[in-house]
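First comes the structure, then the notes that go with it.
Both ligands and their constituent atoms are indexed starting at 1 by order of listing. Along the sequence shown, the residues carry numbers beginning at 1. Computed from heavy atoms alone, side chains included, the values below leave out hydrogens, waters and symmetry copies. Computed from a predicted model, the values in this text were never measured in an experiment.
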Amino acid sequence: MARITVIGGGYVGLVTSACFAGLGHQARCLESDAAKVDSLRSGAMPIQEPGLAEMWARHSESGNLSITADPAEALSLTSFIYIAVGTPESPDGSADLSYLREAVHTAQHYSDLSRIVCIKSTVPPGTCAGLQSDLNKDARPEDRWTVVSNPEFLSQGRAVQDFMNPDRIVVGSSDAGISQMVAGLYFPLDAPIVSVDSAAAETVKYASNSFLALKISFINEISRLCEHTGTDIGQVATGVGLDSRIGPRFLEAGIGWGGSCFPKDTAALEHFMRSAGLESQVVSAARAVNRGQVEHIADQLVRMVGAGFGKEIAMLGLTFKDGTDDLRGSQVLPLINRLSADGFSIRVFDPSRPVLRNESLPPVTVCDSPQEALFGASGAVLATAWPELVSLDYASARHLMREPVLIDARRALDPGKLKALGYRYARPGDGRTAPHLAQRPELTGTLSAA
Ligand code: UGA
């Protein structure tokens with residue numbers, strides 16, 4: 001059993017604290033937002049994450065888990081300091097490391113025992129080595145710090161499960177003894193330990209997220225080919241994904257990828273490589289395809305609905321995926337911007353009722369139900385695959401709409417059923433459900449003629 005302090009009570013910090021407590025450690029979370037600390041202490045979990053609230057309650061009660069806004073309390077007599085603060089995207093695309101530096105400074109100032117800092121935050125290669133040498137600048141030999149990269153691979157909505165059943169645990173440090181100690185914190189989880197230097201560990205994180213993003217962009221690019229040839233990307237993805245060298249996951253075509261990680265991490269990698277004088281052609285292409293996917297879906301809708309002026313579109317879903325109230329990087333936001341620029345009025349419903357703050361959206365009507373959003377609409381987009389939107393009563397919904405045009409941007413519905421209900425239905429990657437595409441003369445040729 002180790003004493004672990006996690007700096008940062010965001011989604012990674014809370015999950016990491018609770019799961020370390022779950023593994024039998026004494027975990028303390030340091031969060032500067034006193035209101036958040038109070039609400040967690042009173043049993044309210046500020047994020048939607050299956051299993052986390054229960055886990056938090058259980059381990060707080062057993063005394064293995066606590067949260068505080070007081071750095072001295074959090075960092076006294078601790079053995080490992082984890083940093084799990086945000087590294088958001090700067091205006092130039094680079095990772096903003098200011099919260100990280102602040103956290104390291106706090107660790108340096110308040111830690112009376114531990115000299116081991118483990119970075120969970122996603123940081124550019126070389127960051128841990130740089131922090132370590134900064135920390136050790138004036139340190140006495142017995143006070144020397146080690147900064148370890150121990151990246152997280154937690155997907156929102158299944159973060160507890162991902163922590164407890166990892167595909168691998170990556171530990172980056174040139175100090176083999178400390179690497180072993182950090183890897184030991186994950187005992188008894190059954191996962192390969194990838195023990196590497198810190199720059200390699202930092203790169204693993206960027207490469208993993210970027211590879212997943214490009215896998216999705218790739219299938220979205222092929223999905224446009226399927227529309228052209230009159231076939232369906234679902235069938236193609238099944239055939240491709242069964243190659244064990246490729247694998248079936250992250251081959252779901254749709255609206256493209258979003259979230260708080262893929263967009264910022266691919267931007268940071270692009271920026272980092274450019275600053276190093278290197279090209280990031282593949283990552284940049286993945287980003288470009290992702291931007292293009294929004295335009296592609298908007299074009300498809302405009303073709304089906306006709307010019308926008310005065311027409312209303314129901315946007316069913318706003319978050320970057322279902323199961324979260326997170327709007328960061330959601331592809332639905334640029335889709336709304338584009339449709340609004342085309343003259344459509346947008347009526348939005350999202351089951352998580354996300355709070356609209358600085359999302360740089362045009363004025364939209366936020367509705368209390370999908371029915372309200374659909375009422376009088378000339379078209380609808382299923383933009384996030386929330387179960388309640390997928391299982392909506394589309395038979396009666398059709399009668400609320402001015403025109404029964406539906407784009408299933410998540411490919412979550414049954415095309416046959418929707419068509420039988422009288423919808424003019426299309427979904428990305430399905431050339432069989434997009435007759436309007438075949439009407440375009442340049443799209444009727446065969447592949448070889450194209
Ligand atoms: C992602 C990674 O999956 C985690 O491993 C990583 O730790 C995390 O980022 C992070 O860096 O913190 P997350 O952003 O929660 O996790 O979301 P994902 O489930 O990976 O989905 C990302 C986006 O891709 C979503 O918009 C999702 O709808 C989209 N997606 C996913 C597809 O369009 N198609 C797919 O086949 C899979």
(request) Please write down residue, atom name and distance for the protein heavy atom closest to atom 16 (O) of ligand 1. (result) Ser155 CA, 3.6 Å

(request) Looking only at distances, please establish whether an N/O atom of ligand 1 is found under 3.5 Å from an N/O atom of Phe320. (result) yes

(request) May I ask which of Gly259, Gly258, Cys261, Pro263 has a heavy atom nearer to atom 23 (C) of ligand 1 than the others do? (result) Gly258

(message) What protein heavy atom lies closest to atom 1 (C) of ligand 1? Include the residue and the distance to one decimal.
(response) Phe262 CE2, 3.5 Å

(request) Check whether any side-chain heavy atom of Leu269 lies under 4.5 Å from a side-chain heavy atom of Ser280, and answer yes or no. (result) no

(message) Let's go through Thr127 and Thr87 carefully: what are the C-alpha distance in whole Å and the side-chain angles of both, what is the deciding distance for side chain to side chain contact (heavy atoms under 4.5 Å, CB included) to 0.1 Å, and is it a yes or a no?
(response) CA-CA 12 Å; Thr127 304; Thr87 52; over 6 Å; no

(message) Starting from atom 15 (O) of ligand 1, what is the nearest protein heavy atom, named by residue and atom, and what distance separates them?
(response) Gln156 N, 2.6 Å

(request) Specify the protein heavy atom at minimum distance from atom 4 (C) of ligand 1: its residue, its atom name, and the distance to 0.1 Å. (result) Leu154 O, 3.7 Å

(message) Suppose we screen for ring-ring contact (aromatic ring centres under 6.0 Å, His included). Which residues come up paired with His59, at least two apart in sequence or across chains?
(response) none

(request) Just go through Arg411, Glu252, Glu152, Lys264 and tell me whose heavy atom is the nearest to atom 35 (C) of ligand 1. (result) Glu252

(request) Compare all side-chain heavy atoms of Ser208 with those of Phe153 and state whether any distance is below 4.5 angstrom. (result) yes

(message) Quick check on Lys205 - does any of its heavy atoms sit under 4.0 Å from an atom of ligand 1?
(response) yes

(request) Using a 4.5 Å cut-off on heavy atoms from C-beta on, say whether the side chain of Ile169 contacts that of Pro192. (result) no

(request) Tell me which one of Asn209, Thr319, Asp162, Ile216 gets a heavy atom nearest to atom 32 (C) of ligand 1. (result) Ile216

(message) Below a 4.0 angstrom heavy-atom separation, can you tell me which part of Arg410, side chain or backbone, both or neither, approaches ligand 1?
(response) side chain

(message) Would Lys321 count as being in polar contact with ligand 1, using the rule that some N or O on each side must be under 3.5 angstrom apart?
(response) yes

(request) Can you label the angle between the Phe20 ring and the Tyr82 ring as parallel, tilted or perpendicular, going by 30° and 60°? (result) tilted

(request) Using a strict 4.0 Å threshold on nitrogen-to-oxygen distance, state whether Arg411 and Asp408 make a salt bridge. (result) no

(request) Give the residue, atom name and distance (to 0.1 Å) of the protein heavy atom nearest atom 37 (C) of ligand 1. (result) Phe250 CD2, 3.5 Å

(request) Decide if the gap between the ring center of Tyr394 and the ring center of Tyr425 is smaller than 6.0 angstrom. (result) no

